[in-house]
Amino acid sequence: MSIFEIYINKIKELIKKKQKNLELKNLNDFKNVTVEVPPSNFDSDLSCNVSLILGKINKKNPKELAEKIKKIIYENLNDFENIEIAGPGFLNFKLSKASLIANINGIIKNRETYGRKNSNKTYNIEFVSANPTGPMHVGHCRGAIFGDVLANLLKFNGNKVTKEYYINDYGNQIYNFVKSVFLRIREIKYDEEFINNEDLYPGEYIILIGKKIIDENKNEKFDNFKKSFELLKKYSLKYSMELIKTDLKNLGIKHDIFFSESVLIKNKLVDKAVSHLRDKKFVVDGYLKPPKGETDSNWKKQKRLIFKSTLFGDDTDRALQKNDSSWTYFANDIGYHMDKVNRKYDYLINVLGADHTGYIKRITAAVSAISDNKTNLDCKVCQLVKLFKNGKPFKMSKRAGEFISAKDLLDEVDKDAIRFIMLNRSNDVELDFDFDKILEKNKENPVFYVQYSFARINSLFRNLNKKLDYDISLNIKNFNLNDIEAKILRKVLEWPKIVEVSSTKLEPHRITYYLYELATLFHSYWSMGNEDFNLKFIENGKIKREEILAIVSTVAIVVKRGMNILGVSLPEQM
RNA sequence: GCGUUCGUAGCUCAACUGGAUAGAGCGCCUGACUUCGGAUCAGGAGGUUGAGGGUUCAAAUCCUUCCGGGCGCACCA
């Protein structure tokens, strides 16, 4: 349990017990009552808003109520050295030396699990799901890393997480992809010019795939597209998935399940899902309304199968069949999601690119319909990545087949830096990715800055001939923290809160920000010895005070836990 | 037009699902290297949180009307 949970529970219990003395009629289950980190300008470790909340529902002056609660806490708990009432009625607590020591010891003792928010749910995270028509590009990287770190985070808390990739290996795009490979093969084998048009994939990788296929099928003439189609499809998909899997591997990502759309269709999962929804009357024969703003000249009214997604909050009902009565992409996706629902996860998460925002309502509607509102699907959108080099943006042009691929990125920048930078923004904000900054070894590069703090801590321990997990013993009689040490410890105590919020909100960027802040405090602490010789850590080869090692150890522990979740390496020396 | 998302310091962004005096980095100005690794640090200037209205003890955060950018918008995937 985190320090915040421990004290919120203690305070609640105490107030419940003393409810009459406090003349509180209504506790309302302590809804919205929290223990938080106070703003940094207050010299306190913890802060509680209980008197503001209870004051309001009991129509009492919050400051007066706070005084009473403060008195009761003093009389019943001896964890605090000081309690202050601040602002409109916050209770600010300063922990006693004994409880500070207990906390530090607890962190050091439970270094592997410190910060964990215990939970044992099952999650399915679908992410990347890049079309198998070509290698991954930079935008996919962001979603890939986001999903992977989310998985790490949820696993850290004790949940079971399945990482899944949906392969869209069906439909027109695959036809065009295979055709492109065919035409490239004709080009190589028979010197026929490859004439690009909008439906085809011109990229260089298509040529490579073509060459590989030629090598593996020496006797095949490739004189008839129809005849060669199945063979070409098999190999083309295989090789392009290999490209994608290599990129993922180089980013440090491994999915548990690759789920194929064409297998889904072959196994009639779509038919099953649709008839399931038809039984519930959510799928009917009907007519779609023409899109608004469209003049009806192009609009053909046609009877088709329709999913009534408006019953579940969508803006319009959605077609499940095309004009030729084959399934739409959405229908297939319903089949896929029914399969996920049937696999009985507690939570489903889809990580999507910004261009799929418009798809969210209908797919969440579908999941609600399939599961009778029992399964919750959370769609997280990763916004665009904008690349910069030499201060200038580069553009990606899909038409010319020129885009910056994950491989291009990995060739220049190591995976640690890519992972950290991609998470250095909230997922719903566009991200500027600067090739130059990321290669620098200074403060402008946050990955380096955080790694460097850990390296410095290791260097300190090396100088003392001690190991990082050396058994620190603190003595209550002469335990004393200076201002910066108290500040650092408060930051370290905040770690469980960061884990909790990041995982409940599914926002891993909070971890990168936090680690940067922690590293800043640490570097500042480290450098104080430059200003004032008395603040140096070591004298005559020995540590001056045991508290220093304790504080620094807790920093190392948290940095390590954080970077593990981010999947970023943490060298002991740089 | 509809939906969705964002708008916070000169620039790029945070802000603990409503909290206290809105915080970082870059850039700008001023300082600290006989170093426990200066690959760093200390200090300063910089804000009507796009605009107006509302909800309340408390709003960048919730509601509402505008303004402005991104993305999407039958039968593609």
Side-chain angles (χ1 to χ4, degrees), chain A residues 4 32 34 36-42 47 49 52-53 55-56 61-63 86-90 92 131 133 168 170-174 261 288-294 298-302 304 314-319 321-324 328-330 332-333 353-361 381 383-384 424-426 428-432 434 437 440-446 448-449 451-453 455-456 458-464 494 497-498 500-502 504-505 507 509-510 513-514 516-517 520 523-531 536-539 541 543-544 548 573-574:
Chain A
F4 307 97
N32 297 329
T34 55
E36 307 278 351
V37 184
S40 56
N41 50 326
F42 289 92
S47 163
N49 64 353
L52 291 166
I53 305 281
K56 188 185 177 183
N61 180 313
K63 280 197 174 183
F90 287 97
N92 286 346
N131 280 333
T133 51
N168 298 126
Y170 186 87
N172 282 329
Q173 58 169 4
I174 296 301
E261 185 179 5
L288 283 180
K289 287 175 192 161
K292 278 178 186 168
E294 182 95 4
N298 294 330
W299 173 252
K300 264 196 214 156
K301 197 172 178 181
Q302 189 173 334
R304 65 179 84 225
D314 197 3
D315 310 310
T316 170
D317 293 336
R318 304 290 173 177
Q321 284 176 315
K322 303 181 203 167
N323 285 341
D324 65 1
T328 59
Y329 174 82
F330 179 49
N332 294 344
D333 216 14
D355 50 341
H356 289 78
T357 318
Y359 192 70
I360 295 174
K361 279 189 180 178
V381 173
Q383 290 296 328
L384 219 69
N424 204 28
R425 287 281 173 271
S426 151
D428 44 30
V429 152
E430 288 187 0
L431 182 144
D432 292 349
D434 194 313
K437 272 191 190 162
E440 287 174 13
K441 293 193 169 181
N442 60 33
K443 204 182 172 180
E444 285 206 43
N445 181 350
F448 172 80
Y449 190 72
Q451 286 175 326
Y452 186 43
S453 68
R456 275 182 149 176
N458 275 279
S459 148
L460 175 69
F461 277 80
R462 264 199 309 277
N463 279 312
L464 292 166
E494 195 179 336
K497 195 86 176 179
I498 299 298
E500 182 189 335
V501 176
S502 307
T504 52
K505 297 181 91 161
E507 290 179 351
H509 73 277
R510 290 167 188 272
Y513 276 95
Y514 169 83
Y516 189 85
E517 286 165 13
T520 302
H523 285 306
S524 167
Y525 181 39
W526 178 280
S527 303
M528 288 180 94
N530 295 337
E531 305 275 324
K536 289 217 182 274
F537 296 165
I538 294 178
E539 196 172 271
I543 195 77
K544 277 188 184 160
I548 297 168
Q573 282 184 60
M574 303 183 73

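So that the names make sense, note that chain A is the first sequence line, chain B the second, and so on, each numbered from 1.
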Student: For the side chain of A/Lys497, counting heavy atoms from C-beta on, which of B/C16, B/C57, B/A15 is nearest?
Tutor: B/C16
Student: Report the nucleotide, chosen from B/C16, B/C75, B/A39, that has the shortest atom-to-atom distance to any side-chain atom of A/Lys505.
Tutor: B/C16
Student: Are A/Arg462 and A/Asn458 close enough that some pair of their side-chain heavy atoms sits under 4.5 Å apart?
Tutor: yes
Student: Please pick, from B/G27, B/G37, B/C13, the nucleotide with the shortest atom-to-atom distance to any side-chain atom of A/Glu444.
Tutor: B/G27
Student: Picking from B/C13, B/C75, B/C41, which would you name as closest to the side chain of A/His523?
Tutor: B/C41
Student: So, the side chain of A/Gln451 versus the backbone of A/Met574: is there a donor-acceptor pair under 3.5 Å, distance only?
Tutor: no
Student: Are any non-hydrogen side-chain atoms of A/Asp333 and A/Tyr359 less than 4.5 angstrom apart?
Tutor: yes
Student: Please check: side-chain N/O of A/Asn445 versus main-chain N/O of A/Lys441, any donor-acceptor pairing under 3.5 Å?
Tutor: no
Student: Starting at the 5' end of RNA chain B, which residue's closest nucleotide do you reach first, A/Asn172 or A/Asp355?
Tutor: A/Asp355
Student: Indicate, with a heavy-atom threshold strictly under 4.0 Å, whether A/Val381 touches base, sugar-phosphate, or nothing.
Tutor: nothing
Student: Touch check for A/Ile53, heavy atoms < 4.0 angstrom, all strands: base, sugar-phosphate only, or nothing?
Tutor: base
Student: Report the base-pairing partner of B/G3 (Watson-Crick or G-U wobble, both distances below 3.5 angstrom), or none.
Tutor: B/C71
Student: Regarding A/Ala354, tell me which of base, sugar-phosphate or nothing describes its non-hydrogen contacts under 4.0 Å with the strands shown.
Tutor: sugar-phosphate
Student: May I have the distance from A/Leu384 (atom CG) to B/U5 (atom P), rounded to whole angstrom?
Tutor: 17 Å
Student: Over all strands shown, is A/Met574 touching base, sugar-phosphate only, or nothing at heavy-atom distances under 4.0 angstrom?
Tutor: base
Student: Rounded to whole angstroms, how far apart are CG on A/Asn49 and P on B/G18?
Tutor: 12 Å
Student: Check if the side chain of A/Asn92 and the base of B/A20 share a donor-acceptor pair of N or O atoms closer than 3.5 Å.
Tutor: yes
Student: Tell me: OH of A/Tyr452 to C1' of B/G37, nearest whole Å?
Tutor: 5 Å
Student: Here's a test of your reading of the structure: between A/Lys443 and A/Lys536, which maps to the more 5' nucleotide of RNA chain B?
Tutor: A/Lys536
Student: Heavy atoms from C-beta onward define the side chain here; which of B/U40, B/C16, B/C36 lies closest to that of A/Tyr449?
Tutor: B/U40
Student: Would you find a donor on one side and an acceptor on the other, under 3.5 Å apart, between the side chain of A/Arg304 and the backbone of A/Gln321?
Tutor: yes
Student: For A/Lys322, which contact category applies under a 4.0 Å heavy-atom criterion: base, sugar-phosphate, or nothing?
Tutor: sugar-phosphate
Student: So does A/Asn131 get a backbone contact from the side chain of A/Asn168, meaning a donor-acceptor N/O pair under 3.5 Å?
Tutor: no
Student: Say we look at B/C66 and B/G25: how far apart would their P atoms be, to the nearest angstrom?
Tutor: 40 Å
Student: Given the P atoms of B/A45 and B/C29, what is the spacing between them in whole Å?
Tutor: 16 Å
Student: Using OP1 and OP2 only, check whether a side-chain N or O of A/Trp526 sits under 4.0 Å from B/U35.
Tutor: no
Student: Which whole number of Å gives the distance between the C1' atom of B/G23 and that of B/U64?
Tutor: 29 Å
Student: Side chain of A/Phe448 only, heavy atoms from C-beta on: which candidate in B/U40, B/A77, B/A20 is closest?
Tutor: B/U40
Student: Of all the nucleotides listed (B/C26, B/C36, B/A14), which has the minimum atom distance to the side chain of A/Asn463?
Tutor: B/C36
Student: For A/Gln383 and B/C6, what is the distance between atoms CD and P respectively, to the nearest whole Å?
Tutor: 8 Å
Student: Could you tell me which nucleotide pairs with B/A24 by Watson-Crick or G-U wobble geometry, both distances under 3.5 Å, or answer none if nothing does?
Tutor: B/U12
Student: Is the base of B/C75 touched by the side chain of A/Asn323 through a donor-acceptor pair closer than 3.5 angstrom?
Tutor: yes
Student: Between A/Asn41 (CG) and B/G19 (P), how many Å, whole number?
Tutor: 16 Å
Student: Could you give the distance separating B/C75 and B/A59 at their C1' atoms, to the nearest angstrom?
Tutor: 46 Å
Student: What closest approach, in Å, do A/Ser47 and A/Pro38 show between heavy atoms, and which atom pair accounts for it?
Tutor: CB-CB, 3.8 Å
Student: B/C73 P sits how many Å from A/Arg318 CZ, rounded?
Tutor: 10 Å
Student: When all nucleic acid strands are considered with a 4.0 Å heavy-atom cut-off, which category describes A/Glu430: base, sugar-phosphate, or nothing?
Tutor: sugar-phosphate
Student: Provide the distance between the two C1' atoms, one in B/G69 and one in B/U8, to the nearest whole Å.
Tutor: 15 Å
Student: Select base, sugar-phosphate, or nothing to describe what A/His356 touches, counting heavy atoms under 4.0 Å on all strands.
Tutor: base
Student: Select base, sugar-phosphate, or nothing to describe what A/Asn442 touches, counting heavy atoms under 4.0 Å on all strands.
Tutor: sugar-phosphate
Student: Base of B/A20, side chain of A/Ser47 - is there a donor-acceptor contact under 3.5 Å?
Tutor: yes
Student: Among B/U40, B/C41, B/C16, which is the nearest nucleotide to the side chain of A/Glu531?
Tutor: B/C41
Student: With rounding to whole Å, what would you report as the distance between B/C16 and B/U61 at their C1' atoms?
Tutor: 12 Å
Student: Let's see if you can work this out: which of B/G3, B/G19, B/A77 has an atom nearest to the side-chain heavy atoms of A/Asn131?
Tutor: B/A77
Student: Stacking between A/Tyr516 and B/A24, defined as ring centres under 5.5 angstrom apart with planes under 30°, is that present or not?
Tutor: no
Student: I'd like to know if A/Thr357 reaches the base of B/G72 with its side chain, counting only an N/O donor and acceptor under 3.5 Å.
Tutor: no
Student: Work out how far the P atom of B/U4 is from that of B/G44, and round it to whole angstrom.
Tutor: 45 Å
Student: May I ask you to verify if any side-chain N or O of A/Lys361 is less than 4.0 angstrom from the OP1 or OP2 atom of B/G3?
Tutor: no
Student: So, does A/Arg510 get its side chain near the phosphate of B/A15, meaning an N or O under 4.0 Å from OP1 or OP2?
Tutor: yes
Student: Remember a base hit wins even if backbone is also touched, and classify A/Tyr513 as base, sugar-phosphate or nothing at under 4.0 Å, heavy atoms.
Tutor: sugar-phosphate
Student: Touch check for A/Phe42, heavy atoms < 4.0 angstrom, all strands: base, sugar-phosphate only, or nothing?
Tutor: base
Student: To the nearest 0.5 angstrom, please state how far the CD atom of A/Glu36 sits from the CZ atom of A/Phe4.
Tutor: 7.5 Å
Student: With a 4.5 Å cut-off on side-chain heavy atoms, are A/Thr328 and A/Lys322 touching?
Tutor: yes
Student: Within the structure shown, what part of the strands sits under 4.0 Å from A/Pro62 by heavy-atom distance: base, sugar-phosphate, or nothing?
Tutor: nothing
Student: In terms of side-chain heavy atoms of A/Ser524, which of B/A42, B/A77, B/A20 is nearest?
Tutor: B/A42
Student: Does B/G38 pair with anything, Watson-Crick or G-U wobble, both distances under 3.5 Å, and if so, with which nucleotide?
Tutor: none
Student: Does B/C66 have a Watson-Crick or wobble partner in any strand here, with both distances under 3.5 angstrom, and which is it?
Tutor: B/G50
Student: Starting at atom CZ of A/Arg304, determine the distance to atom P of B/C75, rounded to an integer number of angstrom.
Tutor: 8 Å
Student: Contact class for A/Glu36 vs. all strands (heavy atom < 4.0 Å): base, sugar-phosphate, or nothing?
Tutor: base
Student: Just the rounded figure in Å: distance from C1' of B/A74 to OH of A/Tyr329.
Tutor: 18 Å
Student: We want to know whether A/Asn442 and A/Glu444 form a side-chain donor-acceptor pair, criterion being a heavy-atom distance below 3.5 angstrom.
Tutor: no
Student: C1' atom, B/G72 versus B/A24: distance in rounded Å?
Tutor: 33 Å
